[in-house]
Structures are given as C-alpha cells and as structure tokens.
Amino acid sequence: TKARLVAYVIDTQTGAMLNACFQNLDEECVPAHKPEPGPDPDPDPDPDPDPEPEVDTATLTAQAPAYAAQGDFEVTATVGSTSESGLDNWTLTFECDGRTQTESGAMIPHGEQKTLTFTATAMTDMTAEYTLTLTAEHLEEPLTATGAVSGLAFIPARRILVEQAASADCPLTPAAMCVAESLDSHEDVIPVAVHLAGDPMHADGYAPFAGTAPSFRVDRDPEAVPAGEGDCVPDPADEDSALARILAYRSVPAFVSLGLDAAYIKTSGKVTGIDVMADLTPAKTLDGSELAWGFILTENNVTDAAVAQANGLSSLVSLPETHPFRLLPATVPGMYFHDVAREVYGYSGLDKSVPMRRLEPGKKVTYHTVLSMPACATDTRELYLTACLYDVSTGRVMNAVRVPLSPEARPKVTARDVLDALTSIPGVEGCDPSAAQAAWFNLQGMPVANPVPGQIYIVRRGSVVTKELAR
C-alpha cells in the first residue's frame, strides 16, 4: 500500500474542520476537503448584492492655433488619467474635414498624462473644425474636445501702435516714459508720445485723442492702460504692470501685411514734404471699403530749454537708489522727449486711400501720397514716419509699420544721459569749473573744440552742467 499524509485545520472553539489536504509520498499536495463556509461572525447589516462596477475618470484637452497659414497645421491633444487604477485600454479619435485619425494605448497610470499630435489642413478663407473623442474600457461616457482653425494665405508680421498720453506738467509722466523706454527693445511695438492739449509739444491733429496722462492706448483700444509709480521699473512678468498689459496685445492676429517707403522732397535744398509709398497684402479676403491708411510723423531727441518735465518720482524712496528719475530733480530742465507726435495725417484714416472693392489674399495693393512738413519738425534727421491701417468701422488699428526718414537718425538720449549731464562730471580733463565761457564735451566726457551743429553735447558753464544740441 501507499503511505498518505493527511493535514487538516480545526476551529478549536466550534470543533469544525475548516480545511484539509493529503499528500501521497510521490505526489503534490492537493486539497482533500473543503467544507461549506460557516456563518459570517460579523455579517454586513446591509449587503449589496450588485457591487458598483469599476469606473475610470479622465481629462481631455486640445490645443491648436486660432489661425494657420495655408497647409498643414498641428492639433495637440492631452489625455490625463484621474482614476486610482489608471486609464485602461483607451482610444483617442481625431476627426477633421471628413478625415479620421486614431491613437490608442493599454494603460495611463493615475496622475499621468499622454500627449498626442494630429495633423489637419488649413485653406485660405476657410475654417477647419475638428473633434477629439476619448473612449476607454471603464469610462462611463466618451470625452470630447472641439476647436476650429481659420486658414490664412500667410501669417503677417504684427506690430502694435502704442500711443502714450503725455504732459510735461504731469508729475507721473516719467513713469510712462520708463515704460516707453522699455518698449524700445521690442521691434514689434511702435510707440508714439501724444502730448495733450496745452503742452508745448501738442500736435493739433491729435485733438480727437482721448487720454489722460500718464496712460497708454494700444491700437486705439478705447480702454486705456494706466501707468503709475509701480511702472518705474517695468516688469513684463507682472501681469498687472503697464508693460505686460501692453505687450499682451501682440497676441492679437493681423490679417494684413504692410510695407512702407518714404523719402523727403526737397526744394532748393529745403525739405518741403514727404513722398510716401505704402502697400498692403491681405492674408485673407478683405473689404477695401472698411479700410483706410493713416500716417503719423514723430520726432526723437526733442529738447527745448523752455520746456521742463515735472518729475513726481524725484526722491521716491520706493525706487532703487540708482534710478535716474529718483536722482533727477522735481523739475527736469533740458529733458529729451522721444517719439513725439509732430503731425497726424488722417487720424481715423484718409478717404479713398484703399480701393473700395474686394481685396484678394496674397495680392499687394499700393497707395501713393505726398505729405506736408509741419513747421514744428525742424530737425529732419530725427523724424520717423508711421503708417497705420485702420478698420474704419471700429476705429481700431489693424497693423502698423514705421521707417526712419533720414540715415542720420541718432540713438535716443535717455533719462540716464540727462542725469549724467545735469550732475558734475569729475575728472574731465581740460575743464575749468570757474570759467564763465562754455566748455563742450561729447557724451563720453572728452573735450570738443568745435561742436558740430545738430549733435548732442555736455556743456559746462562755470558750475552749471547741461546737455545741449549744438546749433
């Protein structure tokens, strides 16, 4: 006979056998007895005969440009798993213009995401609408995300027009000047200083301009962007700062590309006008009757001994100790002003400057005109011309472009330069502080024997130091 070993488990309180097994000498142990389960010593008072099935949860987002140049564009989808057990056996379907693409996977663990990219096609003047649908094994209902992309013939270069309401009598105008100085580093920003009525630098053509110094209006948006003491050190990372709010307008698309050529017209050696050739190229079909050209003549390095800038930032302790406007006096003589509006040609656009017909995408339309020279624009080396394309129905600027009118345009004299000119310059060779006659120096502090008319110099008369334009 074969020997067999039997093992069993007994509940010592009841004497009931719970389980048993046996093993032959040459065989694997197998269960020999499995009694019926006894009564549950701790029964559920409200047993659920139909437990809830496992349910997955997830998120689905889609990202695509609002506008795309004719051709292929991408839609980025992000699937996120919010189920404790993860997202099982998922499928993501992309549908656009009758075409379908599908991606699938086995598992996305809890808290993780899966990013997928799909491709669709944009056509000029047409809108491509797409739908993303997510399904999964334990997802109660499909998730969807939708969007639309408008097609353009090309993506135009975008420049924003930033008009600053300025006043030499406003003590907080220097705060706006700090913002404007920061804007100079952005090639897609065109600043214009609009000196308000009553200011010596006011341009009559800007009479319709509604603004209170110090503030900015971008592309003629009726909502102004105010500037204050907190903008003296511009911070683009601060969403509430004037600089950040202005730069946010750059995300607004332009539907037309602009070009500009301009040259002085001279009579007997004197500049008497400006010959202008402007062109526009639509990126989509436009109605020419709703568009108009306008032009703004601006001047840099404007200074006048009779004009002093009020400076409410003088000795403001919240500013860095080295900030130029903190160190400058409460009234700044010899201040240099930039992007000063000297003349406006068509504040809301010039009549019949754009053909009153359908403008086809990609087809250039030119406009030629001659502009008069204002008497106040005396230094022709410092003048710039800005061309704006207006939407006459809204009064807003669609796009803008600027060109210098002279190859001799000079760098802007900054507030720091003015501070240096108004303070003593120790160690400058050849300067006798007690001398009554003027001693001229370039901006690097080197003595100049023969100042060149039109150039900016540091001038010391006795103990008084100024920065002046040689006449």
Side-chain angles (χ1 to χ4, degrees), residues 164 166-185 191 193 195 199-201 213-214 227-235 241-243 299-340 379 382 409-433 438-448 451 454-471:
Q164 172 201 345
S167 171
D169 293 332
C170 173
L172 284 180
T173 285
M177 295 170 73
C178 293
V179 176
E181 191 171 305
S182 295
L183 293 174
D184 284 337
S185 63
H195 287 257
D199 188 280
M201 290 171 281
E229 293 179 358
D231 295 301
C232 299
V233 183
D235 181 8
S241 69
L243 179 60
E299 184 176 355
N300 284 345
N301 294 316
V302 177
T303 186
D304 187 332
V307 179
Q309 176 62 56
N311 178 25
L313 310 181
S314 180
S315 304
L316 185 64
V317 296
S318 61
L319 290 182
E321 293 182 358
T322 57
H323 195 287
F325 279 110
R326 176 177 176 175
L327 300 174
L328 284 167
T331 300
V332 185
M335 191 69 200
Y336 280 75
F337 302 91
H338 305 296
D339 305 303
V340 177
D379 192 345
E382 299 286 2
R410 294 162 295 182
K412 293 179 177 180
V413 177
T414 66
R416 175 67 60 184
D417 295 330
V418 173
L419 174 65
D420 292 341
L422 292 178
T423 56
S424 60
I425 310 174
V428 176
E429 273 187 39
C431 178
D432 179 4
W440 295 74
F441 304 87
N442 61 22
L443 296 180
Q444 288 71 45
M446 302 301 294
V448 176
Q455 297 289 327
I456 300 170
Y457 296 92
I458 297 169
V459 182
R460 172 173 280 170
R461 294 179 178 84
S463 60
V464 178
V465 178
T466 60
K467 183 172 285 188
E468 300 180 14
L469 185 69
R471 303 293 182 180

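Worth saying up front: this structure is predicted, and the values here are computed from it rather than measured. Both backbone and side-chain heavy atoms feed into the values below; hydrogens, waters and symmetry mates do not.
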(request) With the side chain counted from C-beta on, respond yes when Y336 and V418 share a heavy-atom pair under 4.5 Å apart, and no when they do not. (result) yes

(request) Work out which heavy atom in L313 is nearest to a heavy atom in A175; give both atom names and the distance. (result) CD1-N, 3.9 Å

(request) Could I get the full list of side-chain hydrogen bond (donor to acceptor under 3.5 Å, both in side chains) partners for E299, not counting sequence neighbours? (result) R342

(message) Counting C-beta onward and ignoring hydrogens, is there a side-chain heavy-atom pair between M201 and V302 closer than 4.5 Å?
(response) yes

(request) Report the residues that fulfil side-chain hydrogen bond (donor to acceptor under 3.5 Å, both in side chains) with D339, sequence neighbours left out, ordered by chain and then residue number. (result) R402, K412

(request) Kindly give the heavy-atom pair with the smallest separation between A213 and T173, and that separation in Å. (result) CB-OG1, 4.0 Å

(message) Could you measure the distance from the CG atom of D235 to the OG atom of S182? Nearest 0.5 Å is fine.
(response) 10.0 Å

(request) Keeping the roles fixed (side chain from H338, backbone from E181), state whether a donor-acceptor pair exists under 3.5 Å. (result) no

(request) For P174 and Q309, work out which heavy atoms get closest and say how close. (result) CD-NE2, 3.9 Å

(request) With sequence neighbours excluded, tell me which residues meet side-chain hydrogen bond (donor to acceptor under 3.5 Å, both in side chains) with T414. (result) D417

(request) Using the test side-chain hydrogen bond (donor to acceptor under 3.5 Å, both in side chains), find all partners of D199 that sit at least two apart in sequence or belong to another chain. (result) H195

With a cut-off of 3.5 Å and sequence neighbours excluded, list every side-chain donor-acceptor pair involving residues 316-328.
from, atom 1, to, atom 2, distance (Å)
H323, ND1, F325, N, 3.2
H323, NE2, C232, O, 2.9
R326, NH1, L319, O, 2.6

(request) Please identify each residue that fulfils side-chain contact (heavy atoms from CB on, under 4.5 Å) with S241, with sequence neighbours left out. (result) D231, D238, L243, A244

(message) My understanding is that only residues two or more places apart in sequence, or in another chain, count here; which of them pass side-chain contact (heavy atoms from CB on, under 4.5 Å) with D304?
(response) A306, V307

(message) Rounded at 0.5 Å granularity, tell me how far OG1 in T303 sits from CE in M335.
(response) 9.0 Å

(message) Side chains of E382 and N300 only: does a donor on one sit below 3.5 Å from an acceptor on the other?
(response) no

(request) Please name the pair of heavy atoms, one in S314 and one in P329, separated by the smallest distance, quoted to 0.1 Å. (result) OG-C, 3.6 Å

